[in-house]
Amino acid sequence: PPVTRAAAAGPLDALPSPSPAESGPPPQASPGPPAALPLVHEAAAALRAGAGAAPSAAPLLLDVTPLTLGIQTVGGNVEALIRRNTTVPVEQTRAFTTSQDDQTSVRIRVCQGESRKVAENVVLSEVSLDDLPPGPRGSVKINVTFEIDTDGILNVSAVDTLTGKAQRVRVTLFGG
């Protein structure tokens, strides 16, 4: 049976939202030499003037996850752990609980895609965690961790918080 999401978890915003000072109109330039421009603007000004831009003035490119990664929960839904366009390397952990009384195993299906339904996403892999202590629904807690390294390898681990029993799977991600 699938797992359910535990109540305690924070938002997963990949990038911080701009502060009010950053989102307002740009400040007016005063007469005289301009204040320090952002690095990209300095490079563009140097190129327009015909001067070669310094190597450090090049725009910075970041690797990001092309699609959202998550796991299947009750009812065939997907709970996102890492949202698309999140810079890598990244690690994200969420706590989930069992969905039935006396449940002794969970199957964690790793999904890639933007839909909230498993059937509309690509299932990349599965992790099974067996021999869990039986208990009432929601009493067994499992921490699921998604870690994407700089090579684009997704490591998924599931750990029972009470016994420390763990399982891992390694998935090579492909974009598109």
Side-chain angles (χ1 to χ4, degrees), residues 1-20 22-23 59-176:
V3 295
T4 57
R5 182 166 184 243
L12 261 189
D13 293 334
L15 297 173
S17 55
S19 67
E22 294 173 336
S23 62
L60 178 64
L61 298 176
L62 301 173
D63 286 336
V64 297
T65 58
L67 296 168
T68 298
L69 299 166
I71 68 167
Q72 177 181 350
T73 58
V74 175
N77 294 315
V78 174
E79 179 69 31
L81 269 80
I82 299 177
R83 301 234 181 248
R84 72 177 172 181
N85 294 329
T86 300
T87 57
V88 293
V90 64
E91 182 177 322
Q92 192 64 249
T93 301
R94 290 273 185 97
F96 294 87
T97 64
T98 52
S99 61
Q100 298 175 357
D101 290 338
D102 299 320
Q103 184 175 339
T104 59
S105 67
V106 294
R107 182 177 61 167
I108 298 166
R109 296 179 80 190
V110 179
C111 303
Q112 180 182 36
E114 302 310 312
S115 177
R116 301 270 304 158
K117 295 290 183 186
V118 170
E120 297 170 2
N121 288 308
V122 175
V123 176
L124 300 174
S125 186
E126 292 186 4
V127 176
S128 292
L129 197 55
D130 300 315
D131 299 323
L132 299 173
R137 177 180 72 152
S139 65
V140 177
K141 292 196 169 130
I142 297 144
N143 286 333
V144 177
T145 301
F146 279 24
E147 176 188 359
I148 303 176
D149 65 19
T150 55
D151 295 323
I153 306 295
L154 171 65
N155 293 296
V156 179
S157 63
V159 180
D160 173 22
T161 58
L162 182 63
T163 65
K165 187 172 184 80
Q167 288 291 327
R168 282 183 74 96
V169 67
R170 185 177 173 115
V171 181
T172 303
L173 298 175
F174 297 102

side-chain hydrogen bond (donor to acceptor under 3.5 Å, both in side chains) against Asn121, all qualifying residues, sequence neighbours excluded: none
Show your working on side-chain contact (heavy atoms from CB on, under 4.5 Å) between Ile71 and Phe96 and close with a plain yes or no. CA-CA 10 Å; Ile71 68 167; Phe96 294 87; 3.6 Å; yes
Please report the closest heavy-atom contact between Arg168 and Ser157, naming both atoms and the distance. CG-CB, 3.7 Å
Leu132 CG to Ser105 OG distance, which is reported to the nearest 0.5 Å: 7.0 Å
Closest heavy-atom pair and its distance - Val106, Gln103: CG1-NE2, 3.1 Å
Residues at least two apart in sequence or cross-chain that pass side chain to side chain contact (heavy atoms under 4.5 Å, CB included) with Asp63, listed by chain then number, are Val88
Which heavy atom in Ser125 sits nearest to a heavy atom in Val169, and how many Å separate them? OG-CG2, 3.2 Å
Straight-line distance of Leu62 CG to Thr86 OG1, nearest 0.5 Å: 11.5 Å
Under the rule for side-chain hydrogen bond (donor to acceptor under 3.5 Å, both in side chains), what residues qualify as partners of Lys165, not counting sequence neighbours? none
One should read off an interatomic distance between Leu81 CG and Ile148 CD1, to the nearest 0.5 angstrom, of 10.0 Å
List in chain and number order the residues that pass side-chain hydrogen bond (donor to acceptor under 3.5 Å, both in side chains) with Ser139, two or more places apart in sequence or in another chain; answer none if no residue qualifies. none
All salt bridge (Lys or Arg N to Asp or Glu O under 4.0 Å) counterparts of Glu114, not counting sequence neighbours: Arg84
For residues Thr98 and Pro136, report the shortest heavy-atom separation together with the two atoms involved. OG1-O, 4.1 Å
Within-4.5 Å side-chain heavy-atom neighbours: Val78 and Arg116: no
What residues form a side chain to side chain contact (heavy atoms under 4.5 Å, CB included) with Ser128, not counting sequence neighbours? Arg107, Asp130
Asp149 side chain vs Asp151 backbone, donor-acceptor pair below 3.5 Å: yes
Gly113 and Leu67 have their tightest heavy-atom pair at N-CB, 4.3 Å
Output for pair (Thr73 OG1, Ile108 CD1), nearest 0.5 Å, gives 11.5 Å
Partners passing side-chain hydrogen bond (donor to acceptor under 3.5 Å, both in side chains) against Thr93 (at least two apart in sequence or in another chain): Thr145
Once you round to the nearest 0.5 Å, how far does CD of Gln92 lie from CD of Glu147? 12.0 Å
Evaluate the side-chain contact (heavy atoms from CB on, under 4.5 Å) criterion for residues Leu69 and Gln112: first the C-alpha distance (whole Å), next the side-chain angles of each, then the deciding distance (0.1 Å), finally the verdict. CA-CA 5 Å; Leu69 299 166; Gln112 180 182 36; 3.8 Å; yes
With sequence neighbours left out, write down each residue that passes side chain to side chain contact (heavy atoms under 4.5 Å, CB included) with Val123, or none if nothing qualifies. Arg109, Cys111, Val118
Spacing of OG1 belonging to Thr68 relative to CG belonging to Asn85, to within rounding of 0.5 Å: 8.0 Å
Can you give me the closest heavy-atom contact between Asp160 and Lys141, atom names plus distance? OD1-O, 3.3 Å
Side chain Asn77, main chain Lys117, donor-acceptor under 3.5 Å: no
Assess the side chains of Ser115 and Glu120: does a donor N or O sit below 3.5 Å from an acceptor N or O? yes
